[in-house]
Amino acid sequence: MTTVFTNASFISHNEENDIFSVMVVRGKEIVYLGYNTPLCYEDDKSVDLMGGYVIPLINDRVYYDSAHARCSVLKEGEQADFIVIDKNILTQENPQILEVYIKGRKKV
């Protein structure tokens, strides 16, 4: 199953701290990070994250508490576990977790 996540700031945690606006997850892999939905994914399920900020949670390499969060570099094909928060951790403090996704599926 492929899911296109939109309307969010996907914080990549690479050396340049790139922030993307679209993420595509197939199964348990992130297959695309970019600024527009590629044509080949337009008919797939789409989830609007309503302006949240997204941080990858990959193989226990993200550590999050109320004071700070940190992550190693997100690589293509890594497992698609992530959280949606209300603030950009690169510029703002004390973000709150809005949603948690494990293997591309929202957990309640």
Side-chain angles (χ1 to χ4, degrees):
M1 177 178 181
T2 301
T3 305
V4 179
F5 293 92
T6 63
N7 192 18
S9 296
F10 298 94
I11 302 170
S12 66
H13 292 283
N14 60 15
E15 291 179 14
E16 293 80 25
N17 286 321
D18 290 328
I19 297 177
F20 299 99
S21 55
V22 174
M23 178 174 71
V24 178
V25 174
R26 181 180 299 126
K28 59 183 183 176
E29 292 184 332
I30 296 172
V31 295
Y32 174 81
L33 280 171
Y35 302 104
N36 297 301
T37 303
L39 291 174
C40 61
Y41 299 119
E42 284 190 348
D43 292 332
D44 290 310
K45 177 184 173 186
S46 181
V47 176
D48 183 342
L49 295 178
M50 301 192 307
Y53 293 86
V54 176
I55 301 172
L57 295 174
I58 301 167
N59 301 328
D60 299 322
R61 295 189 305 184
V62 171
Y63 305 94
Y64 180 85
D65 61 35
S66 61
H68 60 288
R70 61 188 175 92
C71 178
S72 58
V73 176
L74 172 65
K75 297 177 183 173
E76 182 177 347
E78 292 278 6
Q79 235 178 357
D81 297 346
F82 56 93
I83 59 173
V84 180
I85 58 175
D86 64 345
K87 298 177 184 172
N88 184 345
I89 64 165
L90 302 175
T91 60
Q92 298 170 297
E93 296 180 10
N94 301 319
Q96 300 296 312
I97 297 175
L98 303 176
E99 298 174 347
V100 176
Y101 287 79
I102 305 297
K103 297 184 181 174
R105 295 195 174 137
K106 185 175 178 179
K107 298 298 178 184
V108 179

>> How long is the straight-line distance from OH of Y35 back to CG of D18, given to the nearest 0.5 Å?
In response: 5.0 Å
>> Can you tell me which residue among V84, I19, I83 is in a side-chain contact (heavy atoms from CB on, under 4.5 Å) with V54?
In response: V84
> Can you tell me how far OG1 of T3 sits from NZ of K45, rounded to the nearest 0.5 angstrom?
Replying inline: 5.0 Å
> Any side-chain heavy atom of Y41 within less than 4.5 Å of one from V31?
Replying inline: yes
> Which pair of heavy atoms, one from D44 and one from V4, lies closest together, and at what distance?
Replying inline: CB-CG2, 4.3 Å
>> Just verifying a value: how many Å separate Y53 OH and N88 CG, rounded to the nearest 0.5 Å?
In response: 5.5 Å
>> Restricting to non-hydrogen atoms, name the atom on F10 and the atom on S21 that form the minimum distance, rounded to 0.1 Å.
In response: CE1-O, 3.4 Å
> If you round to the nearest 0.5 Å, how far is CG of L49 from OG1 of T6?
Replying inline: 6.5 Å
>> Testing the basics here: between G27 and V25, what is the closest heavy-atom pair and its distance to 0.1 Å?
In response: O-CG1, 3.5 Å
> If you count the non-hydrogen atoms of other residues, nucleotides and ligands that lie under 6.0 Å from NZ in K87, is the total more than 12?
Replying inline: yes
